[in-house]
Structure formats: structure tokens, C-alpha cells
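In listed order, ligands and their atoms are each counted from 1.
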Amino acid sequence: MLRQLFNGWHYLGVFAIASLLVGCDPYNTNMRLGNPSNANNSDLNNYLLQKPEFVLSYNCNQGIPNWVSWQLSQDWLGNTDRQDDFRPDETLPDGCYAVRPNDYRGSGYDRGHVTPSGDRTNSIASNSATFVMSNMIPQAPENNREVWRELEEYSRDLVAQGKTLYIIAGGIGQKGAIAKNQVTIPQSTWKIVVVLDSANAPVTADTRVIAVNMPNSDVVRRTDWQDYIVSVDELEKATGYDFLSTVSTDIQNVIEKERDRP
Ligand code: MN
Ligand code: MN
């Protein structure tokens, strides 16, 4: 009798875990590929912020996210206009400077969305959510408005073809700082796009993975995003993170060393 009761709870537990894995709630959907830096709620420089629209690891010292992770499917896309309501992230913990919209003013760098405004157009609330400053990195205009934007648009083209994407992106290195040294300017901007046929499709050795690493400067002018294709292994080496950690090691070993062939 007692054993049956325990078995019952056991099944409930398995059911709960399975529901999380298939992405029933947005927090887990946006972090389906894992937590690359083991972000948590104790380290202010690797601080986990989970929002319905995206999940990120924040670096309070640098005033930018270490990485941002989100899902992109047709469910997130609609006709909502860009809200443009840049604002400090009020959910940052005590002791962490909340970057203000005008901190980037006069720096020569754009307030570059990591989760693009264009990836969250299904409602005013979800679009507005992308305008918190914790989702921004100082991005060279030629990067943000040209090659980076072109990969964002290519990603939405894939979704228009019926794909569901799992995306992780951030910056690497420091080429300087703005806002009285409170905001680090990354040397380059990287992104990983995992392309699936549906939201719950498994990641396999044949899954297409697009990884790029683009200089955060005007040298990218008049180039193509495909010029910056790298492997996930290269990004793991450069960042020290473990990407795709929810995928079995055997499959990671295959898909992380391949480069996308455009
Ligand atoms: Mn942008
Ligand atoms: Mn990995």
C-alpha cells in the first residue's frame, strides 16, 4: 500500500519533469538548451533572471548580460509595433547597478537588443519586455544594423517556413566601457541558433546549428553574416560556457564541432 503510494508520487514526479522538458511553461521553453554558465541567484556576475519572454545571465560588474536564451516560433510573432520603451530592469538584485537608457548616450554604440524586438511581436507586453536594459549590449552600429540584423531576419525567415528556433547569444571580451565604466563594450557578439521542425522535436546529430561570432566594430561593414560562422566548440572555448548541455554528450560532440554550411 505504502509502496503503491510512493510509486504514484514517483509517476507524478516523472510527469512534472516531462512537462518541463516539453516546454509547457515559458521559463523552461526559453532555456530548453540549458543554463550555459550555471547562472544562479547568488553570484551577481552570473545572476539568473527568468522572464516569460527570455532567460538571461546578468553580469552586474559589466552592466550587460553574459548570455540571453530564448525560443522563437510563430507563437511569438504577430503585428505588434516596436514599443521603444527602453527602461532599467527593476528586477535586478540589491547591489547591482540597473543600467539606464541614457547611459549609452553619446557613446557611439547602439542599445543593441540581444533578444530582438522583432522576435517578440505577439503582444504589447511581450514586445515591451525586450526593452529592459538588461537585454542590451553596446553594439557597434555597423554590427547591430547590418550583419547582426540580417541574421535576425534570416532566423525569422526560418520561422516563417515553419521552423522553431532555440537561440542563445551574448558578447565576448572587453574593448572598453561606457557610462563611467559601468557598461562593458564586448569585443565581439556571438549567437547560436538551433533549428528544429517543431517546438518539441528532439535535437539529434542531424540538427542544423548556426553559430556566429562577429566583431563588434565597423569592420563588419558590407559583409554577410555567413562570413562569421564558427562552431559551437569554438564559442565554448571563447566563453568558457557549456552550450546545449541538455542535449546528450554524444550528440553535442557531433553538432558542436560542425560549422553550418550556408
Ligand atoms: Mn539590434
Ligand atoms: Mn556543449
Novice: Look at Glu256 and state whether any of its N, O or S atoms is less than 2.8 Å from the Mn ion (ligand 2).
Specialist: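 So Glu256 counts as coordinating the Mn ion (ligand 2), yes.
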
Novice: Kindly give the atom name of the N, O or S atom of Asp242 closest to the Mn ion (ligand 2).
Specialist: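 Answer by atom name: OD1.
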
Novice: Looking at the Mn ion (ligand 2), which N/O/S atom of Glu236 is the nearest one?
Specialist: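 In Glu236, the N, O or S atom with the shortest distance to the Mn ion (ligand 2) is OE2.
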
Novice: Which heavy-atom pair separates Ile64 from Tyr104 by the least distance, and what is that distance?
Specialist: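 Heavy-atom minimum between the residues: CG2-OH, 4.3 Å.
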
Novice: Does any N, O or S atom in Gln252 come within less than 2.8 Å of the Mn ion (ligand 2)?
Specialist: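 Of the N, O and S atoms in Gln252, at least one lies under 2.8 Å from the Mn ion (ligand 2), which means yes.
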
Novice: Might you work through the salt bridge (charged side-chain N to carboxylate O under 4.0 Å, His left out) test for Asp89 and Lys51, ending with a clear yes or no?
Specialist: CA-CA 11 Å; Asp89 190 333; Lys51 303 172 187 295; 2.9 Å; yes

Novice: Which residue in the set Arg145, Arg149, Arg105 passes salt bridge (Lys or Arg N to Asp or Glu O under 4.0 Å) when paired with Asp110?
Specialist: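 Of the listed residues Arg145, Arg149, Arg105, the salt bridge (Lys or Arg N to Asp or Glu O under 4.0 Å) partner of Asp110 is Arg145.
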
Novice: Can you pull out every disulfide (SG to SG under 2.5 Å) where at least one residue sits in residues 119-188? Sequence neighbours excluded, please.
Specialist: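 Pairs touching residues 119-188 that pass the test: none.
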
Novice: So that I can check it, does any N, O or S atom in Asn144 come closer than 2.8 Å to the Mn ion (ligand 1)?
Specialist: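 It does: Asn144 brings an N, O or S atom closer than 2.8 Å to the Mn ion (ligand 1).
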
Novice: Between the Mn ion (ligand 2) and Phe243, is there an N, O or S atom separated by less than 2.8 Å?
Specialist: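 Yes, within the cut-off.
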
Novice: Quick one: do Gln252 and Asp242 satisfy side chain to side chain contact (heavy atoms under 4.5 Å, CB included)? Show the steps, please.
Specialist: CA-CA 10 Å; Gln252 284 185 62; Asp242 180 10; 3.2 Å; yes

